[in-house]
Amino acid sequence: MPGPIDLHGAVDLHTHSSVSDGTETPSELVRAAVAVGLGTVALTDHDSTAGWQEAFAAASGTGLTVIPGMELSTNYGPASVHMLAYLFDPLNGAIIAETARIRDGRLHRAERIVERIARDYDLTWDDVLAQSTDGGTLGRPHIADALVAKGHVVDRSAAFQSILHWRSGYYEKYYAPSPLDGVRMIVAAGGVPVLAHPATHGRYRVIGEAAIAELVDAGLFGLEVHHRDNTEDGKARLYELAEKYDLAITGSSDYHGAGKPNRLGENTTSPEVLERIVAAGTGTRPFHG
Ligand code: AMP
Ligand code: FE
Ligand code: FE
Ligand code: ZN
């Protein structure tokens with residue numbers, strides 16, 4: 001076992017709990033953040049704010065600051081594009097309605113993927129529900145966990161490389177707004193939008209400069225440059241775009257508990273950028289525990 005690391009109050013702005021596809025509850029995630037020495041953590045579950053209150057309660061008295069956030073799903077043509085959102089009003093009507101629509105679409109899409117897989121493998125919808133939280137945001141990771149439990153694959157990564165791959169024949173997409181509508185909605189709710197891992201090895205080319213320029217006009221605040229899935233070439237290009245369009249640069253772990261190898265604080269955001277995000281967000285306040 002490696003000894004405890006101390007991240008000296010570092011800032012990690014992208015984590016997932018069991019409210020979406022992380023494996024730890026918001027309380028467990030907060031305790032893990034305190035244990036590694038983070039000073040600030042953002043809880044950014046996919047399309048849900050349901051973990052915020054539990055995270056605040058768990059952080060109380062620990063000295064940890066929790067930035068309430070979310071990773072909004074958007075569709076850009078055939079590509080799935082993730083938009084981080086910080087400090088928006090969780091009671092904003094458009095946010096509530098749109099995230100409910102996305103979660104509902106994800107649920108039915110997961111049912112259809114499982115139907116197809118069940119033609120070839122021993123897998124039931126109940127197996128998948130057993131891996132998810134009531135009212136949480138469903139995704140392929142929960143199907144992956146069910147496939148692991150049934151012994152069809154060894155872990156989530158193996159599931160994504162085989163049965164859950166988009167070319168497997170079992171895959172389908174789910175409803176999500178465009179990135180532009182996503183940015184507009186986040187800004188209208190007082191939030192701060194940051195494009196998540198924009199330069200990953202994807203099935204499609206990363207979102208182009210013209211599209212970024214449009215998002216900037218709509219209020220895009222930053223780019224998540226420091227993320228393990230961004231390619232080195234891609235990061236260089238993101239630096240140029242950030243400079244040209246005056247976008248903030250963030251870094252984060254995209255921690256999913258045991259669901260991914262990503263470690264809390266493996267990439268971090270500067271205190272200056274955090275300060276700018278906190279100053280820009282008007283929908284709700286950070287929680288200082
Ligand atoms: P979905 O939202 O249902 O399309 O599933 C995508 C989610 O699966 C992302 O949010 C990732 O967190 C997760 N994911 C993608 N690839 C992998 C992988 N190789 N191992 C574990 N989780 C993954
Ligand atoms: Fe995820
Ligand atoms: Fe993501
Ligand atoms: Zn994420």
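Both ligands and their constituent atoms are indexed starting at 1 by order of listing.
Numbered from 1 in the order shown, with element, the atoms of ligand 1 that lie under 4.0 Å from a heavy atom of H256 read 12 (O). Annotation for ligand 1: atoms under 4.0 Å from non-hydrogen atoms of G139 are 3 (O). Close approach of ligand 1 to R156 is summarised as follows: ligand atoms under 4.0 Å from at least one heavy atom of the residue are 21 (C).
For a distance bound of 2.8 Å, the N, O or S atoms of E71 include none lying that close to the Fe ion (ligand 2). Not a single N/O/S atom of H46, whether from backbone or side chain, sits less than 2.8 Å from the Zn ion (ligand 4). Residue side and main chain included, H16 places no N/O/S atom under 2.8 Å of the Fe ion (ligand 2). Taking 2.8 Å as the criterion, H14 counts as a coordinating residue of the Zn ion (ligand 4), since one of its N, O or S atoms falls below it.
A distance of 9.0 Å separates NZ of K173 from CZ of R109, quoted to the nearest 0.5 Å. D21 contributes atom CG, which lies 3.5 Å from atom NE2 of H256 (distance to the nearest 0.5 angstrom).
Here the side chains of T284 and F88 are not in contact, with every heavy-atom distance at 4.5 Å or above.
For the pair R101 and Y175, the cation-pi test (distance below 6.0 Å, angle within 45°) is passed.
Here E172 pairs with R112 in a salt bridge; the nearest charged N to carboxylate O distance falls below 4.0 Å. Comment: K235 engages E232 in a salt bridge, judged by a side-chain N to carboxylate O separation of less than 4.0 angstrom.
Evaluated by nearest non-hydrogen atom to atom 2 (O) of ligand 1, the leading choice among R106, H46, R140 is R106.
Residues P286 and L87 approach most closely at N-CD2, 3.6 Å, considering heavy atoms.
Open room surrounds CD on E275; 12 or fewer heavy atoms of other groups in view lie less than 6.0 Å from it.
Side-chain polar atoms of S73 and Y174 form a donor-acceptor pair below 3.5 angstrom.
If you check which protein heavy atom lies closest to atom 21 (C) of ligand 1, you get G259 O, 3.5 Å. Scanning the protein for heavy atoms near atom 11 (C) of ligand 1, the closest one is K260 NZ, 3.4 Å. Remark: minimum distance from atom 19 (N) of ligand 1 to any protein heavy atom is reached at F160 CB, 3.6 Å.
Considering V192, V183, V216 as possible partners of F221, the one that fulfils the side chain to side chain contact (heavy atoms under 4.5 Å, CB included) test is V192.
With a 4.0 Å heavy-atom cut-off, ligand 1 is reached by the side chain of D21 but not by its N, CA, C or O. Proximity of S157 to ligand 1, defined as any heavy-atom pair under 4.0 Å, is shared by backbone and side chain alike.
Sorting the N, O or S atoms of D254 by how far they are from the Zn ion (ligand 4) puts OD1 first. Of all N/O/S atoms in D21, OD2 sits nearest the Fe ion (ligand 2). For E71, the N, O or S atom closest to the Zn ion (ligand 4) goes by the atom name OE1.
Residue contacts with ligand 1: R109 is included, with a non-hydrogen atom under 4.0 Å away.
Taking the six-membered ring for Trp and thresholds of 30 and 60 degrees, H197 and H82 have ring planes more than 60 degrees apart, a perpendicular arrangement.
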